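Structure first, then comments.
Given the structure is predicted, the values throughout are model-derived calculations rather than measurements.
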Amino acid sequence: MVDLLEVPLRAVGGLFAMTGETARAAFRRPFQRREFIDQAWFVARVSLVPTVLVAVPFTVLVSFTLNILLREIGAADLSGAGAALGAVTQVGPMVTVLIVAGAGATAICADLAARTIREEIDAMRVLGIDPIQRLVVPRVLASTVVALLLNGLVCTIGILGGFVFSVFLQDVNPGAFINGITLLTGFGELMISQVKAG
């Protein structure tokens with residue numbers, strides 16, 4: 001029984017050890033600016049289209065369901081508040097994290113695995129280069145920055161999509177929709193959303 005648990009526990013321990021090494025290496029110099037920019041562009045390029053394609057249906061689903069409920073209780077004018085709250089606090093971070101983890105992180109893991117197979121990681125260690133600082137830190141920071149930017153994009157798409165869907169398909173008053181956007185959602189909710197996405 002102990003032997004069955006040893007391998008998974010070792011893997012989890014290795015994950016936490018690498019996470020700690022990455023956090024420490026993030027503050028060491030030199031910072032790999034060029035690698036960071038290349039990886040940020042790579043993650044954005046891989047994640048942008050899937051993010052938009054997933055954000056639109058999620059937005060429509062939230063707006064449609066919420067507007068039906070609001071119409072039943074006679075509060076269709078609050079659909080802007082509901083769309084903004086749903087897009088900023090739930091849909092934005094969830095879509096961003098799923099896409100960056102699914103598309104971006106998968107591509108990063110494939111790249112690092114290919115480097116390991118080609119023994120590039122071992123060659124870096126022989127040359128005295130820390131692979132965590134050289135390869136992992138720029139990718140982690142790039143993924144974080146891209147996730148924050150994509151979260152802003154998804155929140156914007158969510159509010160605009162909610163507006164288009166509510167006003168043009170469910171006959172909500174456009175002025176009431178826009179007026180209600182900041183009713184439940186403000187700067188605090190946006191910052192919480194950014195923390196979730198990061």
Next item on the list: For the pair D130 and R125, evaluate salt bridge (Lys or Arg N to Asp or Glu O under 4.0 Å) and give the outcome as yes or no after the intermediate values.
Entry: CA-CA 6 Å; D130 182 13; R125 286 194 180 105; over 6 Å; no
Next item on the list: Starting from the C-alpha separation in whole Å, work towards a yes-or-no answer on side-chain contact (heavy atoms from CB on, under 4.5 Å) for M124 and L135.
Entry: CA-CA 10 Å; M124 291 175 78; L135 298 174; 3.7 Å; yes
Next item on the list: Carefully, step by step, assess V54 and L98 under the rule side-chain contact (heavy atoms from CB on, under 4.5 Å).
Entry: CA-CA 10 Å; V54 171; L98 288 174; over 6 Å; no
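In this structure, the side chain of Q133 engages the main chain of R29 through a donor-acceptor pair within 3.5 Å. Checked by atom type and distance alone, the side chain of T185 pairs as donor or acceptor with a backbone atom of L85 at under 3.5 Å. Proximity of a side-chain donor or acceptor of T65 to a complementary backbone N or O of L61 within less than 3.5 Å is detected.
Rounded to the nearest 0.5 Å, atoms CD1 (I99) and CE (M94) are 10.5 Å apart. Separating the CZ atom in F163 from the OG1 atom in T59 is a distance of 14.5 Å, to the nearest 0.5 Å. For the atom pair S143 OG and L150 CG, the distance stands at 10.5 Å (nearest 0.5 Å). For the atom pair CZ (R139) and CD1 (I108), the distance works out to 6.5 Å, reported to the nearest 0.5 Å. Here the straight-line distance linking atom CZ of R45 with atom CD of Q39 works out to 9.5 Å at 0.5 Å rounding. To the nearest 0.5 Å, atom CZ of residue R115 and atom CD1 of residue I121 are 6.5 Å apart.
Taking 4.5 Å as the limit, some side-chain heavy atom of Q90 sits within range of a side-chain heavy atom of K196.
The heavy-atom pair separating L183 from A81 by the smallest distance is CB-CB, 4.0 Å. Minimum interatomic distance between A87 and P93 (heavy atoms only, all atoms of both residues): O-CD, 4.3 Å. Taking every heavy atom of both residues into account, A26 and V137 meet most closely at CA-CG1, 3.7 Å.
Within a 6.0 Å sphere centred on CZ of F165, heavy atoms belonging to other residues, nucleotides or ligands number more than 12.
Note: F36 and F31 have tilted aromatic rings, judged against thresholds of 30 and 60 degrees for the angle between ring planes.
Taking the salt bridge (Lys or Arg N to Asp or Glu O under 4.0 Å) definition, one finds that R10 meets it with E6, sequence neighbours left out.
When T89, T96, N151 are each tested for a side chain to side chain donor-acceptor pair (under 3.5 Å) with S193, only one passes: N151.
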